[in-house]
Amino acid sequence: MSQPAGHRDEGLIQLIDPSGRRTPNEELDPWVTDVDVDALRGLHTDMVAIRRIDQEGTALQRQGELALWPPLLGQEAAQIGAGRALEDDDFIFPSYRETGLAYCRGVDAEDTLRVWRGNAYSGWDPFGKNMATPQIIIGAQTLHAAGYAMGIKYDGGSQAAITFFGDGATSQGDVNEAMVFAASYQAPVVFFCQNNHWAISEPVELQSNTHIADRPVGFGIPSLRVDGNDVLACLAATRIALDRARTGNGPTFIEAVTYRMGPHTTADDPTRYRDANELDLWAAKDPIERLEKHLAGLGLDTAELQAGAAVVADAVAEKLRKAIIGLQDPQPMDVFENVYSQPHATLDRQREHYALYQQQFADAGSATEGGAR
Amino acid sequence: MSQPAGHRDEGLIQLIDPSGRRTPNEELDPWVTDVDVDALRGLHTDMVAIRRIDQEGTALQRQGELALWPPLLGQEAAQIGAGRALEDDDFIFPSYRETGLAYCRGVDAEDTLRVWRGNAYSGWDPFGKNMATPQIIIGAQTLHAAGYAMGIKYDGGSQAAITFFGDGATSQGDVNEAMVFAASYQAPVVFFCQNNHWAISEPVELQSNTHIADRPVGFGIPSLRVDGNDVLACLAATRIALDRARTGNGPTFIEAVTYRMGPHTTADDPTRYRDANELDLWAAKDPIERLEKHLAGLGLDTAELQAGAAVVADAVAEKLRKAIIGLQDPQPMDVFENVYSQPHATLDRQREHYALYQQQFADAGSATEGGAR
Amino acid sequence: MSALTFGKALNAGLRHSMEADSKVVLMGEDIGKLGGVFRITDGLQKDFGQHRVIDTPLAESGIVGTAVGMAYRGFRPVVEIQFDGFVYPAFDQIVSQVAKLHYRTHGQVSMPLTIRIPFGGGIGSPEHHSESPEAYFAHTAGLRVVSPSNPQDAYVMLQQAIACNDPVVFFEPKRRYHERGEVDLDGGMAGPDLGSAVIRRRGTDVTLVAYGALVKTALDAATAAEDDGISIEVIDLRSLSPVDYATVEASVKRTGRLVVTHEAAQTLGLGAEIAASITERCFYHLEHAPVRVTGFDIPYPYSKLEMHHLPDLDRILDGVDRAMDRPNSLSSLEG
Amino acid sequence: MSALTFGKALNAGLRHSMEADSKVVLMGEDIGKLGGVFRITDGLQKDFGQHRVIDTPLAESGIVGTAVGMAYRGFRPVVEIQFDGFVYPAFDQIVSQVAKLHYRTHGQVSMPLTIRIPFGGGIGSPEHHSESPEAYFAHTAGLRVVSPSNPQDAYVMLQQAIACNDPVVFFEPKRRYHERGEVDLDGGMAGPDLGSAVIRRRGTDVTLVAYGALVKTALDAATAAEDDGISIEVIDLRSLSPVDYATVEASVKRTGRLVVTHEAAQTLGLGAEIAASITERCFYHLEHAPVRVTGFDIPYPYSKLEMHHLPDLDRILDGVDRAMDRPNSLSSLEG
Ligand SMILES: Cc1ncc(C[n+]2csc(CCOP(=O)(O)OP(=O)(O)O)c2C)c(N)n1
Ligand SMILES: Cc1ncc(C[n+]2csc(CCOP(=O)(O)OP(=O)(O)O)c2C)c(N)n1
Ligand SMILES: [Mg+2]
Ligand SMILES: [Mg+2]
């Protein structure tokens with residue numbers, strides 16, 4: 001009988017341990033030889049910046065400027081490690097939590113946030129950034145990535161597709177079908193699962209009683225199970241996977257083991273379902289502090305490092321707050337736009353009727369809507 | 001990196017090889033110590049009987065007595081091996097091809113066939129036979145089995161659920177979700193995949209570039225990859241899986257490697273997509289001949305063995321033909337029955353109106369329907 | 001009688017059903033410790049255990065599909081779909097299995113499932129969290145579809161749905177979860193038949209049909225119209241499959257005019273069916289074509305614009321004006 | 001002009017589209033070597049290669065979901081769903097992704113997918129092989145839904161659908177696959193607009209609206225009715241979203257009477273929408289309530305009974321009699 005391995009604790013690939021020590025790894029080391037102190041500093045600044053954007057998201061939601069916010073707190077290493085491994089023309093299919101990936105792609109933070117204000121469903125042009133906009137249907141985007149990668153193969157492109165999803169998503173049929181298609185066509189796609197241990201209130205053990213990284217192997221897809229709080233390991237693993245994709249070796253699956261330090265969204269109350277101790281445990285593995293310790297070991301002054309990163313983060317945050325609060329509300333008739341790309345008789349009639357309806361209020365000289373009566 | 005094994009040729013568990021030789025297997029042997037010559041003879045008769053029912057199905061379709069027939073030719077060992085391992089109160093969730101399982105459950109052959117005549121959607125009472133009726137939506141039944149098994153666990157039953165599906169079905173989200181649920185709740189369910197190498201015109205390699213039996217392992221479900229043309233191995237594997245289910249050890253996955261010797265259904269023309277050589281190759285592994293050779297090796301006279309089985313098969317076939325041809329057509333107003341178990345005002349009105357409509361033709365004294373005008 | 005919120009009334013209904021029948025089990029995402037994202041199942045896992053209030057993996061087809069298996073085993077599963085827009089992965093299991101199994105098995109297998117779906121908009125949510133997919137299910141033979149509009153109905157109808165041997169898709173107007181009303185907790189599931197509509201307000205000029213969240217809006221509209229001397233009869237549909245046409249027909253025969261309102265898209269929304277059926281039944285009583293005041297044929301818009309999609313009091317009254325041949329937004333198109 | 005079967009006309013349309021645009025790719029189960037279970041893609045893989053005619057794993061959500069990804073990459077995928085009843089596993093990808101992506105991205109991402117679905121009954125098939133799910137899609141904003149009724153339209157409309165930048169659900173009346181008709185193979189995709197209805201037969205007494213397989217039945221009914229002195233105008237709807245109401249409205253304003261027929265269940269079938277919309281537009285021209293002659297609100301029955309579910313010539317004529325206030329099956333209910 002072929003036996004599953006079960007949840008083991010070994011097998012987590014690491015390059016920098018929680019104490020900041022660089023631990024050698026034969027498989028990953030060759031992929032980060034170019035990552036010098038400056039590059040590490042860059043990764044640190046990135047992580048600090050997206051943590052700040054994330055804090056602003058939470059704060060803006062509390063102030064009523066956003067309707068909702070899905071924090072990434074704790075997942076900075078996974079997102080920056082992956083994001084900085086990508087080439088600009090690799091196409092990203094994210095879920096709703098990939099603020100860090102959008103940042104790596106040069107999406108203005110306000111464009112990431114305005115979706116959560118309710119001002120738009122998409123904050124950027126997917127083709128301008130080579131990154132799809134947030135996907136809320138759990139797992140749906142993994143099939144899009146597999147299909148995009150099939151397309152790369154068919155049109156002879158040299159890029160890769162990469163898709164991000166959570167531990168909970170692995171239970172969805174779509175994610176499993178995405179693996180079937182990717183394996184069948186040996187499509188150049190990277191499955192990047194941020195196992196942050198929770199799907200809202202459900203622990204990862206409910207979704208899988210073995211390591212998530214074991215799953216793809218049974219589909220014929222090799223996998224890497226990396227420490228998701230180790231930015232260097234995440235960078236290396238993603239580079240390996242991308243290289244496999246580009247060299248015709250098909251899909252790779254990365255499980256980045258990390259932790260959602262905040263609530264699922266600002267609407268969530270995690271004290272109802274999880275233990276504060278767990279949080280402490282993971283706080284000790286914080287991705288930013290870990291890199292700071294590592295850089296201190298390399299002789300960098302931590303205070304100076306932090307100050308440098310704060311400059312960048314402060315600038316981003318300031319611009320963000322101004323932009324969000326200054327956002328114009330969309331126009332009523334916008335609801336009818338872009339349902340179709342070409343005229344649609346039934347909808348066009350509804351638009352016309354609603355315009356007449358709106359006109360009444362204007363005619364009645366009412367400043368606010370809904371005041372005709 | 002965790003690497004998939006790819007399609008290997010080793011690893012197929014066998015107890016009787018194609019030449020009829022009994023090959024020892026440490027894991028399976030203990031589970032068939034009770035299977036003496038008489039029992040083997042019984043398995044032989046079963047296989048001959050269901051092959052005959054199958055032939056009758058094909059013949060009746062050619063004669064216009066059935067609208068369609070999905071043959072099982074070549075898969076007798078998988079179905080009888082599994083079927084005879086089950087207890088009566090284990091619940092079976094089949095696809096559309098499990099004629100052999102229905103036979104094991106004492107379903108009259110005419111009740112299996114009349115669905116394919118278009119006289120019914122179900123030929124038997126699922127609770128009378130502890131077997132659901134054919135499922136045509138690929139893979140849907142695997143979730144029902146997982147749920148039923150969860151129910152067994154919750155109500156403290158000692159039975160198991162077992163579900164049958166094909167190699168093609170493994171690509172469906174539902175089948176993968178069924179494994180997620182089964183693993184998560186450690187439900188007493190057996191996944192029995194008849195890998196008959198084809199999903200209509202698609203070879204199994206399109207669905208999976210690694211062994212199907214590797215898939216469940218990644219979900220935390222142990223698997224057995226058995227020679228599906230070896231009735232003894234199928235019997236043993238299913239007994240192992242059922243025992244695991246009953247003793248609280250959760251789900252097991254069996255891949256029975258076999259071959260669809262006939263067309264997908266009588267509507268299919270396999271010469272369009274597969275090689276005749278492949279057929280010859282598999283003909284040499286025929287499950288019935290193989291058991292005959294094995295029994296010959298144990299001293300049984302093959303002609304006598306065949307004659308004995310033919311008596312049973314002939315009787316089944318004769319009864320079947322008479323019953324099918326004698327089937328009454330259903331009544332027009334039956335279309336309205338059993339949509340709901342309780343009155344439904346809208347449908348009841350439609351029923352009433354259609355009765356009036358029908359009445360017209362009767363009033364017009366027309367013997368045939370549709371002749372009022 | 002106790003004053004309860006809509007959400008608490010549902011919770012009480014679940015509790016009552018679970019006490020009454022040990023085969024009733026709840027299944028869904030986050031319904032255990034968390035009590036569901038809307039807390040409808042709050043406290044039930046604590047009281048009934050993990051075998052009766054089952055947190056499931058994140059897979060809607062899996063939830064409904066395993067619930068089908070549980071029903072085969074004799075259970076009476078109550079499934080929670082977390083939000084309206086997340087029911088589609090389960091569509092195949094609902095349409096091809098839940099709805100058809102009783103028919104397929106010639107009545108031998110019952111599917112006493114209740115599929116609870118918080119639905120509708122107006123709460124400022126992101127995409128997929130404000131949809132009104134009820135027409136998909138009302139078009140599907142084999143399902144019953146209902147939607148309560150107030151706490152008392154929430155309490156009673158949920159118990160009736162769970163007790164029903166047919167599968168029931170149970171739409172909960174999430175924007176009313178926090179509204180309070182009197183609930184007769186001792187009445188159990190006594191109340192009007194699950195398939196029946198209820199006249200919430202008598203009127204003589206026009207019949208206004210609504211369900212779910214818009215019943216309240218419709219009642220407010222009727223109050224407002226009173227000032228203009230218009231008497232609106234408000235019918236709370238409650239059951240979307242079957243529709244209680246007897247009640248609607250009798251009303252329209254009195255008023256001669258019909259307005260139907262819902263949040264779902266207009267094309268092939270419930271309004272289409274009700275307009276068509278009532279026209280069939282009341283053609284010679286109608287003084288104006290039935291009027292539909294509905295969401296537009298658009299994906300649900302982002303929340304800053306949702307009030308331009310959702311029928312509100314003013315849009316309903318404009319529809320009433322159309323039905324009454326009074327000056328209205330479309331008057332300029334006539335002639 | 002060449003005489004082609006409906007199926008061959010579709011094949012020719014696919015071939016033409018693939019020749020015209022190298023980004024057109026076909027995806028589906030068994031569409032390669034086998035040419036699909038109905039042979040609609042026969043020979044195309046041989047001629048265009050495995051990268052343009054892609055046999056997919058057995059997973060409908062996967063097929064549509066990867067087609068979405070292919071569209072992101074600039075392809076124009078044509079997906080084959082093997083039978084009507086197998087589209088539901090893909091429902092989520094169709095409703096939440098295909099239909100909504102253009103809206104979600106404020107027009108930046110187009111979804112020029114064509115989803116081909118052989119639909120309808122009358123061919124003696126087992127369960128799930130004879131369904132009419134078109135209303136689910138016509139209710140879904142963001143999708144276009146069409147159905148050709150004859151080889152010429154099959155050829156032209158399929159090319160138009162593929163060329164359309166919006167997603168199109170393309171329903172093929174499988175029971176007409178083997179019927180022949182003249183096809184102008186040199187005309188390319190020239191023809192009436194994809195969104196337009198076509199009057200197939202002029203008449204003065206009653207407007208009969210049909211689509212797909214029932215257009216032929218409707219035309220036969222019109223011929224039969226002639227003998228009784230009834231002049232039926234037959235409209236082939238062709239487009240189910242949007243419905244070409246201008247054409248239907250103009251016709252009903254001439255005839256004053258409307259009958260709609262389809263195989264799908266009555267409740268919330270296209271007939272409901274057309275009856276409601278035409279009543280809105282033509283109320284004062286209507287001399288009788290619009291009549292629906294449709295499948296019943298039942299799961300599609302097993303094949304020995306399918307003729308008791310499917311509208312046929314006699315049931316359509318009975319509907320015409322109702323619309324014309326002539327003696328009919330329901331006469332006894334009146335008074
Ligand atoms: C199809 C679907 N079902 C349910 C939900 C509701 N939901 C939103 S996020 C979430 C949990 C996701 O967990 P995971 O995949 O681990 O990602 P994480 O939120 O932890 O990043 C759920 C159940 C949804 N968005 N889509
Ligand atoms: C959801 C769904 N999609 C497509 C089909 C059409 N179909 C019927 S059988 C079949 C192939 C099934 O192959 P496999 O699972 O290997 O089972 P086998 O027929 O070989 O026993 C297909 C595609 C279906 N019945 N259901
Ligand atoms: Mg998670
Ligand atoms: Mg097969």
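Sequence lines set the chain letters: A, B, ... in the order given, protein chains first and strands last, and positions in each chain run from 1. Side chains included, hydrogens not; waters and symmetry mates left out as well; all remaining heavy atoms used. Predicted, not measured: the structure shown is a model, and the values here were computed from it.
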(request) Ignoring hydrogens and angles, tell me if any N or O in the side chain of C:Glu80 forms a donor-acceptor pair with the backbone of C:Arg116 under 3.5 Å. (result) no

(message) Which atoms of B:Ala120 are under 4.5 Å from chain C, going by heavy atoms: the side chain, the backbone, both sets, or neither?
(response) both

(message) If I measure from the heavy atoms of chain C, does B:Val189 come under 4.5 Å with its side chain, its backbone, both, or neither?
(response) neither

(message) Between B:Ile152, B:Asp334, B:Val180, who has the most heavy-atom pairs with chain C when the cutoff is under 4.5 Å?
(response) B:Ile152

(message) Between the side chains of B:Asp243 and B:Arg246, is the shortest nitrogen-to-carboxylate-oxygen separation below 4.0 Å, so that they form an ion pair?
(response) no

(message) Between B:Gln159 and chain C, with a heavy-atom cut-off of 4.5 Å, which part of the residue counts as in contact: side chain, backbone, both or neither?
(response) side chain

(message) Taking C:Ser196's backbone N and O only, do any of them form a donor-acceptor pair with C:Arg238's side chain (distance below 3.5 Å, no angle check)?
(response) yes

(message) Quick check on C:Asp244 against chain B: is it the side chain, the backbone, both or neither that has a heavy atom closer than 4.5 Å?
(response) neither

(request) Give, as side chain, backbone, both or neither, the part of B:Asn176 having an atom under 4.5 angstrom from any heavy atom of chain C. (result) neither

(message) What part of B:Ala140 gets within 4.5 angstrom of chain C, counting heavy atoms only: side chain, backbone, both, or neither?
(response) both

(message) Under 4.5 Å from any heavy atom of chain B, what part of C:Asp193 do you find: side chain, backbone, both or neither?
(response) neither

(request) Under 4.5 Å heavy-atom distance to chain C, tell me which part of B:Gln342 shows up: side chain, backbone, both or neither. (result) both

(message) Looking at chain B, which one of C:His106, C:Lys100, C:Gln50 has the largest number of heavy-atom pairs inside 4.5 Å, strictly under?
(response) C:His106

(message) Let's test your reading of the structure: which of B:Gln141, B:His344, B:Lys153, B:Met150 forms the most heavy-atom pairs below 4.5 Å with chain C?
(response) B:His344

(message) With a 4.5 angstrom heavy-atom cut-off, is it the side chain or the backbone of B:Tyr154 that approaches chain C, or both, or neither?
(response) both

(message) Taking side chain as everything from C-beta outward and backbone as N, CA, C, O, which of these in C:Ser277 sits under 4.5 Å from a heavy atom of chain B? Side chain, backbone, both or neither.
(response) neither

(request) Can you tell which part of C:Met111 gets under 4.5 Å to a heavy atom of chain B, answering side chain, backbone, both or neither? (result) neither

(message) Under 4.5 Å from any heavy atom of chain B, what part of C:Thr105 do you find: side chain, backbone, both or neither?
(response) both

(request) Check whether C:Val243 gets within reach of chain B through its side chain, its backbone, both or neither, counting any heavy atom under 4.5 Å. (result) backbone

(request) Under 4.5 Å heavy-atom distance to chain B, tell me which part of C:Ala67 shows up: side chain, backbone, both or neither. (result) neither

(message) So that I know where these two stand, are C:Phe137 and C:Phe91 an aromatic pair - ring centroids less than 6.0 Å apart?
(response) yes

(request) Answer yes or no: is there a donor N or O on one side and an acceptor on the other, between the side chain of C:Thr279 and the main chain of C:Ala275, under 3.5 Å? (result) yes

(message) Using heavy-atom distances under 4.5 Å, tell me whether B:Ser184 contacts chain C through its side chain, its backbone, both, or neither.
(response) side chain

(request) Indicate yes or no for a side-chain donor-acceptor contact from B:Thr265 to the backbone of B:Ala267 under 3.5 Å, with no hydrogens or angles considered. (result) yes

(message) Please check this pair: side chain of C:Glu233 against backbone of C:Val252, looking for a donor-acceptor N/O pair closer than 3.5 Å.
(response) no

(message) Looking only at heavy atoms and a cut-off of under 4.5 Å, which of C:Ser22, C:Gly69, C:Gly195 has the most pairs with chain B?
(response) C:Gly69

(message) Less than 4.5 Å to any heavy atom of chain B: does that hold for the side chain of C:Tyr72, its backbone, both, or neither?
(response) both

(message) If I measure from the heavy atoms of chain B, does C:Leu143 come under 4.5 Å with its side chain, its backbone, both, or neither?
(response) backbone

(request) Could you tell me whether the side chain of B:Arg351 and the main chain of B:Met333 form a donor-acceptor pair under 3.5 Å? (result) no

(request) Sort C:Arg144 into side chain, backbone, both or neither according to what part of it lies under 4.5 angstrom from a heavy atom of chain B. (result) both

(request) Look at C:Gly49, C:Ser239, C:Ser241 and state which one has the largest set of heavy-atom pairs under 4.5 Å with chain B. (result) C:Ser241

(message) Sort by residue number and list every residue of residues 88-118 of chain B having at least one heavy atom under 4.5 Å from chain C.
(response) B:Phe91, B:Phe93

(request) With a 4.5 Å cut-off on heavy-atom pairs, point out which of C:Gly107, C:Ala141, C:Pro57 contacts chain B the most. (result) C:Pro57

